[in-house]
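The chains referred to below are lettered A, B, ... by the order of the sequence lines, with proteins before strands, and numbering in each begins at 1.
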Amino acid sequence: MSAEKTAISPTRAQDFPEWYQQVIKAADLAENSETRGCMVIKPWGYGIWELIQQQLDRRFKATGHQNAYFPLLIPLSYLEKEAEHAEGFATECAVVTHHRLEAHKDPVTGKTKMIPAGELAEPYVIRPTSETIIGAAFARWIESYRDLPLLINQWANVMRWEMRPRLFLRTAEFLWQEGHTAHETREEALEETRMIHVQYEEFLRDHLAIPVIAGEKTENERFPGADMTLTVEAMVQDRKAIQAGTSHYLGQNFSKAQNISFAGRDGTVQHAHTTSWGVSTRLIGTLIMAHSDDDGLILPPRVATQQIVIIPITPKEDSRQAVLDACQALASTLRNQTYAGDPIRVHVDARDLGGGVKKWEWIKKGVPIRIEIGPRDIETRKVCVQRRDQALAAKEFCDKEDFIQRASDLLDEIHRSLLDKAIAFRDASIAACESLDDFHAHWSSENPGWLYTPWAGSPEQEEALSKQHKITIRCLPIPTADLPGALPTGPGNCILTGAATEVRALWGRSY
RNA sequence: CGGGGCGUAGCGCAGUCUGGUAGCGCGCUUCGUUCGGGACGAAGAGGCCGUGGGUUCGAAUCCCGCCGCCCCGACCA
């Protein structure tokens with residue numbers, strides 16, 4: 001066995017972007033489709049999304065939200081109502097201009113061509129996000145303060161005509177949830193925005209094993225039309241940042257533009273305060289880049305399509321059926337156990353293939369626990385346990401009954417080990433600096449990580465520095481942000497202007 | 001939208017300069033030997049060489065148009 005051989009080539013160190021593509025391919029998560037910029041999400045990848053959906057959805061319901069569904073196509077005029085919002089999305093909107101096709105037969109070649117016909121008087125935009133069309137519904141639905149708060153979420157696809165698509169991280173069409181809420185007061189809406197922000201932070205940490213820095217976006221980086229944008233920023237293994245989830249306080253910008261108004265407690269007509277918030281299939285890209293290694297995907301247990309895969313080892317024909325039966329029996333027993341509130345997901349790989357082939361396939365697919373059972377194990381009442389988060393050669397033969405008892409704890413242990421590893425990596429990759437010279441010097445290295453600095457510059461000054469080093473302010477961490485302990489806190493002097501400031505900014509390169 | 005590269009079997013590629021009508025590796029199918037492990041042997045299936053036109057006795061190969069994809073940049077709530 002050659003120690004250097006990795007299942008994925010190139011390795012992370014050799015070519016990180018290509019490694020990422022290869023991990024997706026090897027794990028059979030998704031592929032590029034015939035449609036430009038769009039992906040086909042394959043069962044192993046879609047299973048992850050379904051789990052993310054289920055688990056987030058429970059959190060949304062538990063915090064009082066209801067699901068609904070709004071149209072894919074938005075009348076163009078809706079997008080013209082809020083100027084800043086419209087401009088923010090203008091360059092990436094797909095537009096539907098016709099509603100019929102007519103078949104034309106080429107007299108020479110005999111081939112049939114379908115020609116768009118029936119031009120629409122008013123074009124539709126394929127939703128890049130649904131603030132406008134949901135806002136229009138809210139305007140109809142809300143009459144009195146008694147109708148508030150209105151707490152709606154939709155699971156949907158959206159389309160943004162991106163210049164450079166990348167599987168999961170940035171595709172033209174992607175799946176997401178978008179929450180839209182309307183409130184009586186600014187304070188309530190801000191509270192909602194912050195509450196969801198915390199939900200996202202917890203979800204990333206407790207379900208995806210990804211530590212995030214929670215913070216606020218600067219004016220430059222805000223959602224078009226928002227008064228405040230909160231973000232959770234994740235670091236992946238090339239030390240770049242990924243904006244993993246955002247929640248926006250939209251003030252009265254949309255309610256005034258779309259007339260979402262209500263009769264207040266004092267009898268006056270008032271405009272609602274609205275919010276919107278979302279996470280997308282980008283979370284899958286984030287978790288791939290955060291956890292996987294040179295042998296492929298590593299799935300955090302809670303969102304693993306299968307959590308335990310049992311591989312029957314059948315060296316002799318006469319014991320073959322006994323081994324298969326034992327595997328199925330163990331699977332049934334394990335499925336009656338729960339982990340994190342859900343039945344454990346167990347798969348028996350009974351395909352007629354070599355054991356090694358199967359083993360490598362599940363390694364590349366990132367299954368948290370692999371179990372092997374052979375004739376010898378049946379006699380000794382043991383199972384061979386292998387963990388995806390540990391070295392490939394690491395095996396533990398445990399008593400079968402013990403394993404059944406411990407399975408849930410073991411999954412939890414794997415979650416924690418992934419989280420701890422990600423925290424250690426992130427914390428080691430965030431530096432602090434107080435001077436402009438140090439700031440400039442920081443960005444010369446290949447994978448510079450993030451930089452935490454006192455900041456009091458203007459939006460123009462922020463943009464200039466960002467352009468110079470191809471970085472952005474990822475966020476201004478909020479007081480409760482889970483920052484590495486070693487970082488300085490409290491007042492400092494802005495690295496650019498020298499002005500005394502309480503504000504500290506987190507800078508980094510991003511996806 | 002600028003700059004570069006590429007479209008040949010499911011995947012990865014050679015063949016293109018120097019036209020003579022398609023090959024390699026992996027994968028797939030069957031059989032056999034193996035197998036607590038990504039094994040090996042034999043046989044086999046699979047391609048109008050992106051597309052439309054042109055040159056030629058003859059085009060994957062030369063010429064022109066079109067389409068698509070990838071990388072770098074610009075852009076990216």
In whole angstrom, what separates [X]'s [atom1] from [N]'s [atom2]?
X	N	atom1	atom2	answer
A:K382	B:G36	NZ	C1'	16 Å
A:W360	B:G27	CH2	C1'	19 Å
A:E31	B:G12	CD	P	11 Å
A:F16	B:C71	CZ	P	15 Å
A:W161	B:C1	CH2	P	12 Å
A:L392	B:G38	CG	P	14 Å
A:L353	B:U29	CG	P	9 Å
A:K359	B:G38	NZ	P	9 Å

Just to verify, what does A:K467 make a salt bridge (Lys or Arg N to Asp or Glu O under 4.0 Å) with, not counting sequence neighbours?
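Only A:E463 meet the salt bridge (Lys or Arg N to Asp or Glu O under 4.0 Å) criterion with A:K467.
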For A:D377, all residues meeting salt bridge (Lys or Arg N to Asp or Glu O under 4.0 Å), sequence neighbours excluded
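So A:D377 forms no salt bridge (Lys or Arg N to Asp or Glu O under 4.0 Å) with any residue.
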Taking the [atom1] atom of each, how far is [N] from [M], in whole Å?
N	M	atom1	result
B:C66	B:G3	P	15 Å
B:G47	B:C24	C1'	14 Å
B:G36	B:G5	C1'	47 Å
B:C71	B:U18	P	33 Å
B:A22	B:U55	C1'	23 Å
B:C26	B:G38	P	16 Å
B:C64	B:G25	C1'	36 Å
B:G27	B:G10	C1'	7 Å

Quick test: give all pairs of protein nitrogen or oxygen and nucleotides 39-43 of chain B nitrogen or oxygen below 3.5 Å, distance rounded to 0.1 Å.
none

Does [X] reach a base, just sugar-phosphate, or nothing at all? Heavy atoms under 4.0 Å.
X	answer
A:G354	nothing
A:F89	base
A:F174	base
A:P17	nothing
A:H248	sugar-phosphate
A:E87	nothing
A:W176	base

Across all strands, who's sitting opposite [N] as a Watson-Crick or G-U wobble pair, both distances under 3.5 Å?
N	value
B:C24	B:G12
B:U18	none
B:G58	none
B:C66	B:G50
B:U29	B:A43
B:G73	B:C1

Ignoring hydrogens and angles, state whether a donor on the side chain of [X] or [Y] is under 3.5 Å from an acceptor on the partner side chain.
X	Y	answer
A:S276	A:E131	yes
A:T181	A:T275	yes
A:D238	A:N447	no

Among [options], find the nucleotide with the atom closest to the side chain of [X].
X	options	result
A:E92	B:C76, B:G36, B:G38	B:C76
A:C384	B:G36, B:G12, B:C76	B:G36
A:K25	B:C76, B:C11, B:G36	B:C11
A:R376	B:G36, B:G38, B:C71	B:G36
A:K467	B:G38, B:C75, B:G36	B:C75

Taking for each residue the nucleotide of RNA chain B bearing the nearest heavy atom, is the 5' side occupied by A:E162 or by A:A7?
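In this pair, the answer is A:A7.
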Tell me which of A:R170 and A:I311 sits closer to the 5' end of RNA chain B, going by the nucleotide each one is nearest to.
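This one resolves to A:I311.
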Could you check whether the rings of A:F60 and A:H65 sit parallel, tilted or perpendicular, using 30° and 60° as the cut-offs?
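Because their plane-to-plane angle is over 60°, the rings of A:F60 and A:H65 count as perpendicular.
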Return the orientation label for the A:W455 and A:W507 ring planes: parallel under 30°, perpendicular over 60°, tilted otherwise.
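Correct class here is perpendicular.
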For A:H442, all residues meeting ring pair (Phe, Tyr, Trp, His ring centres under 6.0 Å), sequence neighbours excluded:
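So A:H442 forms no ring pair (Phe, Tyr, Trp, His ring centres under 6.0 Å) with any residue.
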Just jot down the ring pair (Phe, Tyr, Trp, His ring centres under 6.0 Å) partners of A:Y124, sequence neighbours excluded, or say none.
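Partners of A:Y124 under the ring pair (Phe, Tyr, Trp, His ring centres under 6.0 Å) test: none.
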How would you list all residue pairs meeting side-chain hydrogen bond (donor to acceptor under 3.5 Å, both in side chains) that involve residues 70-97 of chain A, not counting sequence neighbours?
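Only A:S77-A:E122 qualify under side-chain hydrogen bond (donor to acceptor under 3.5 Å, both in side chains).
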Phosphate-side-chain proximity, A:Q22 and B:C11, N/O vs OP1/OP2 below 4.0 Å:
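The answer is no; no side-chain N or O of A:Q22 sits under 4.0 Å from OP1 or OP2.
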